[in-house]
Amino acid sequence: MSFPLLTATAALPALGAIATAAVPAARRNAAKWLALLVSLGTLVLAAVALVRFEPGGARYQLTESHAWIADFGVRYELGVDGIGVTLLALTALLIPFVILAGWHDADPLETKSSRWRPTQGFFALILSVEAMVILSFEATDVFLFYILFEAMLIPMYFLIGGFGDRAHAGSDENAAAQRSYAAVKFLLYNLVGGLIMLAAVIGLYVVAGSFSLTEIADARASGSLDMATSTERLLFLGFFFAFAIKAPLWPLHTWLPNAMGEATAPVAVLITAVVDKVGTFAMLRFCLQLFPDASKWATPVILVLALISIVYGALLAVGQRDIKRLVAYASISHFGFIILGIFAMTSQGQSGATLYMVNHGISTAALMLVAGFLISRRGSRLIADYGGVQKVAPVLAGTFLVGGLATLSLPGLAPFVSEFLVLVGTFTRYPVAGIVATFGIVLAALYTLVLYQRTMTGPVKPEVAKMPDLRARELVVVAPLIALLLFLGVFPKPLTDIVNPAVEHTLSDVHQKDPQPAVPIQNAEAAK
């Protein structure tokens with residue numbers, strides 16, 4: 001029996017979370033180091049999975065299948081395609097940086113409202129989120145995926161509500177109330193989506209008689225499972241609604257700015273760079289594969305919603321006064337690009353969307369974590385409270401600029417490749433949508449450069465005059481992320497080689513091919 005690599009990749013952080021939580025309260029630093037070592041071990045296992053994955057091999061690889069709840073046909077089934085293994089690697093890559101960046105975020109407080117913070121609990125919750133997100137990228141049983149999809153809300157709720165940002169204007173009581181509001185809003189939005197998805201999961205089992213993704217997809221492809229049009233559309237909407245909340249897609253996005261604004265910077269990265277990717281990933285794996293006809297039926301409306309997300313999110317980012325909320329609205333715009341690429345139903349669009357998930361995770365992590373270092377020094381999230389930082393902390397300002405330039409998809413940095421592919425893939429099938437989406441690029445340049453100008457340039461404000469530059473631990477967090485942005489910006493081939501075969505499978509599920517050029521090359525040459 002082969003080594004269960006996928007199970008081990010998720011089990012290690014799960015067991016690490018239990019061990020970290022069990023560390024005695026007096027051994028706070030030991031809990032931090034244990035969590036970091038566990039996350040690095042998980043990264044090693046994820047790297048092994050990435051190396052063992054064969055892009056030209058079977059669609060789902062490293063598979064595992066065991067009976068779980070036999071009476072209801074639920075199995076513990078795992079497997080990864082090129083998209084799943086790439087996002088698994090992204091998650092395992094980002095968690096060590098999240099832990100290092102949040103090294104002191106759960107240290108004891110000396111305020112009237114809270115004189116302690118359970119440090120062990122903070123890092124245990126991060127590891128538990130990692131375990132559930134990784135397993136959700138691996139699950140090929142629909143019911144197993146649903147359990148993970150919902151369960152990850154619990155540790156995220158406590159991370160947002162219990163370990164909020166200390167740089168909050170007003171009293172400690174007001175800060176606690178804002179954190180509680182953001183955490184409850186996050187939980188309620190996602191629970192509503194999960195409940196609707198549960199009804200769709202049950203409906204799918206009634207129709208198909210199985211929870212196995214591969215069995216249902218094979219039955220659909222062979223014609224042995226004939227789903228009524230109305231039934232397929234209702235089931236699709238049940239799944240898509242939950243994924244659109246998690247993604248988040250306009251108008252179901254309003255929980256994200258609150259959650260990211262009130263969470264610590266590392267937890268904000270966990271939300272938008274890791275957890276939210278489960279929503280867009282599930283659109284590719286479940287919506288398109290299980291409900292191909294309904295996916296094509298809903299495409300026009302989804303494209304409109306994606307375009308609204310792109311422009312609306314970018315416009316609100318331009319007008320933000322809070323650094324973290326600006327990044328949150330920018331992420332809403334970026335998720336609009338991802339969903340646009342998915343439902344453009346072209347190889348370039350879906351490859352670009354998958355790369356966008358990876359590149360957005362890295363670029364947002366770089367920008368948000370540097371912003372967190374900046375905010376922790378000044379004690380304020382307001383853009384107006386900064387000015388002239390580049391003169392007193394040039395390394396901090398430089399890394400902040402690179403993260404911002406990656407956010408606006410500057411050529412030479414990784415997000416440019418993915419955004420270009422999304423736009424090309426969209427334009428070939430939906431030219432009007434491709435043109436509208438380009439306005440998001442212009443607005444991204446506006447909100448990024450204005451943010452940098454107002455915080456980093458100009459006269460040095462007295463409050464930042466003695467601001468220290470990045471420390472060694474902070475450089476260890478930021479430098480690898482910037483190096484990845486540069487590497488993948490000039491050489492994305494390692495990722496595209498893994499992703500492209502999976503995209504071809506997805507397009508075959510929905511019976512779509514890339515549109516033919518209006519003027520084929522050979523005809524154009526003959527015309528000359």
Side-chain angles (χ1 to χ4, degrees), residues 4 6-18 42 60 62-81 83-84 87-88 91 124-159 186-217 235-236 238-247 270-271 274-287 289-291:
L6 296 186
T7 293
T9 308
L12 180 58
L15 295 174
I18 297 172
T42 305
Y60 292 106
L62 308 176
T63 56
E64 302 172 33
S65 182
H66 307 282
W68 183 22
I69 310 175
D71 291 342
F72 295 97
V74 180
R75 297 185 62 82
Y76 176 79
E77 285 191 348
L78 306 181
V80 287
D81 59 359
I83 299 170
L87 294 177
L88 183 157
T91 302
L125 289 170
I126 291 175
L127 290 176
S128 64
V129 171
E130 178 182 23
M132 285 184 273
V133 170
I134 286 176
L135 206 55
S136 69
F137 291 140
E138 300 171 346
T140 56
D141 183 277
V142 178
F143 191 82
L144 174 62
F145 174 83
Y146 169 76
I147 295 296
L148 298 165
F149 187 84
E150 290 290 87
M152 68 181 68
L153 301 179
I154 299 171
M156 287 306 308
Y157 169 80
F158 288 109
L159 284 170
F186 162 82
L187 187 64
L188 289 178
Y189 265 68
N190 284 276
L191 279 179
V192 169
L195 289 173
I196 294 175
M197 180 182 168
L198 176 60
V201 169
I202 295 171
L204 179 64
Y205 180 75
V206 170
V207 173
S210 174
F211 288 116
S212 173
L213 173 67
T214 53
E215 289 181 5
I216 299 172
L235 294 178
F236 168 85
F239 277 81
F240 181 81
F241 183 78
F243 302 154
I245 291 176
K246 184 87 78 179
L270 197 62
I271 294 170
V274 177
V275 173
D276 286 354
K277 299 299 188 299
V278 177
T280 46
F281 162 79
M283 292 178 188
L284 280 165
R285 170 164 283 190
F286 296 100
C287 286
Q289 192 170 348
L290 294 176
F291 315 110

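Every heavy atom of this structure was used, including side-chain atoms; hydrogens, water molecules and symmetry mates were not. Keep in mind that what you see is a predicted model, and the values were worked out from it rather than measured.
In this structure, the separation between CZ on Phe281 and CG on Leu87 is 6.5 Å, given to the nearest 0.5 Å. With rounding to the nearest 0.5 angstrom, the CD atom of Glu150 is 5.5 Å from the CG atom of Leu191. Between atom OG1 of residue Thr280 and atom CD1 of residue Ile83 there is a gap of 10.0 Å, rounded to the nearest 0.5 Å. Taken from CG in Leu290 to CG in Leu235, the straight-line distance is 9.5 Å, to the nearest 0.5 Å. Phe137 contributes atom CZ, which lies 11.0 Å from atom CG of Leu148 (distance to the nearest 0.5 angstrom). Here Thr91 contributes atom OG1 and Ile134 contributes atom CD1; the two are 6.0 Å apart, rounded to the nearest 0.5 Å.
Ring-plane geometry between Phe291 and Phe239 is classed as tilted, the angle between the planes lying from 30 to 60 degrees on a 0 to 90 degree scale. Between Phe286 and Phe145, the ring-plane angle classifies as tilted under the 30° and 60° cut-offs.
Using a 4.5 Å cut-off on side-chain heavy atoms (C-beta onward), Phe241 and Ile245 make contact. Between Val133 and Lys277 there is no side-chain heavy-atom pair separated by less than 4.5 Å. Thr42 has its side chain within reach of Thr9: a pair of non-hydrogen atoms, C-beta onward, lies under 4.5 Å apart. Leu144 has its side chain out of reach of Glu77: every pair of non-hydrogen atoms, C-beta onward, lies at least 4.5 Å apart. Counting heavy atoms from C-beta on, the side chains of Leu270 and Glu130 never come closer than 4.5 Å. The closest side-chain heavy-atom distance from Met132 to Leu135 is not below 4.5 Å. Proximity of Met283 to Phe240: side-chain heavy atoms (C-beta onward) are separated by under 4.5 Å at one or more points.
Residues Ala67 and Arg75 share a closest heavy-atom pair of N-NH2, 3.7 Å. Contact record, Ser136 with Val278: OG-CG2, 3.7 Å, taken as the closest heavy-atom pair. Considering every non-hydrogen atom in both Lys246 and Gly279, the closest pair reads CG-N, 3.8 Å. Across Ser128 and Pro155, no two heavy atoms sit closer than the pair OG-CB, 3.4 Å. When all heavy atoms of Gly194 and Ala242 are compared, the pair lying nearest together is N-CB, 4.4 Å. Residue Ser212 comes nearest to Ser210 through the heavy atom pair N-OG, 3.0 Å, listed as atom of the first residue, atom of the second, then distance.
Every residue two or more places apart in sequence or in another chain was checked for a salt bridge (Lys or Arg N to Asp or Glu O under 4.0 Å) with Asp276, and none qualifies. With sequence neighbours excluded, no residue forms a salt bridge (Lys or Arg N to Asp or Glu O under 4.0 Å) with Glu138. Listed by chain and residue number, Val184 satisfy the side-chain contact (heavy atoms from CB on, under 4.5 Å) test with Leu188 (two or more places apart in sequence, or in another chain). Taking Thr63 as the reference, Tyr60 meet the side-chain contact (heavy atoms from CB on, under 4.5 Å) condition, with sequence neighbours excluded. Residues meeting the side-chain contact (heavy atoms from CB on, under 4.5 Å) test with Leu195, sequence neighbours left out: none.
Put simply, the side chain of Glu64 gets close to the backbone of Thr7: a donor and an acceptor are under 3.5 Å apart.
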Check against side-chain contact (heavy atoms from CB on, under 4.5 Å), Asp141 and Val74: CA-CA 7 Å; Asp141 183 277; Val74 180; 3.9 Å; yes
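For residues 186-198, the pairs satisfying side-chain hydrogen bond (donor to acceptor under 3.5 Å, both in side chains) are Tyr189-Thr254, with sequence neighbours left out.
A ring-centre distance under 6.0 Å is found for Phe243 and Phe149.
For Tyr76, the OH atom sits in a packed shell: over 12 heavy atoms of surrounding residues, nucleotides or ligands are nearer than 6.0 Å.
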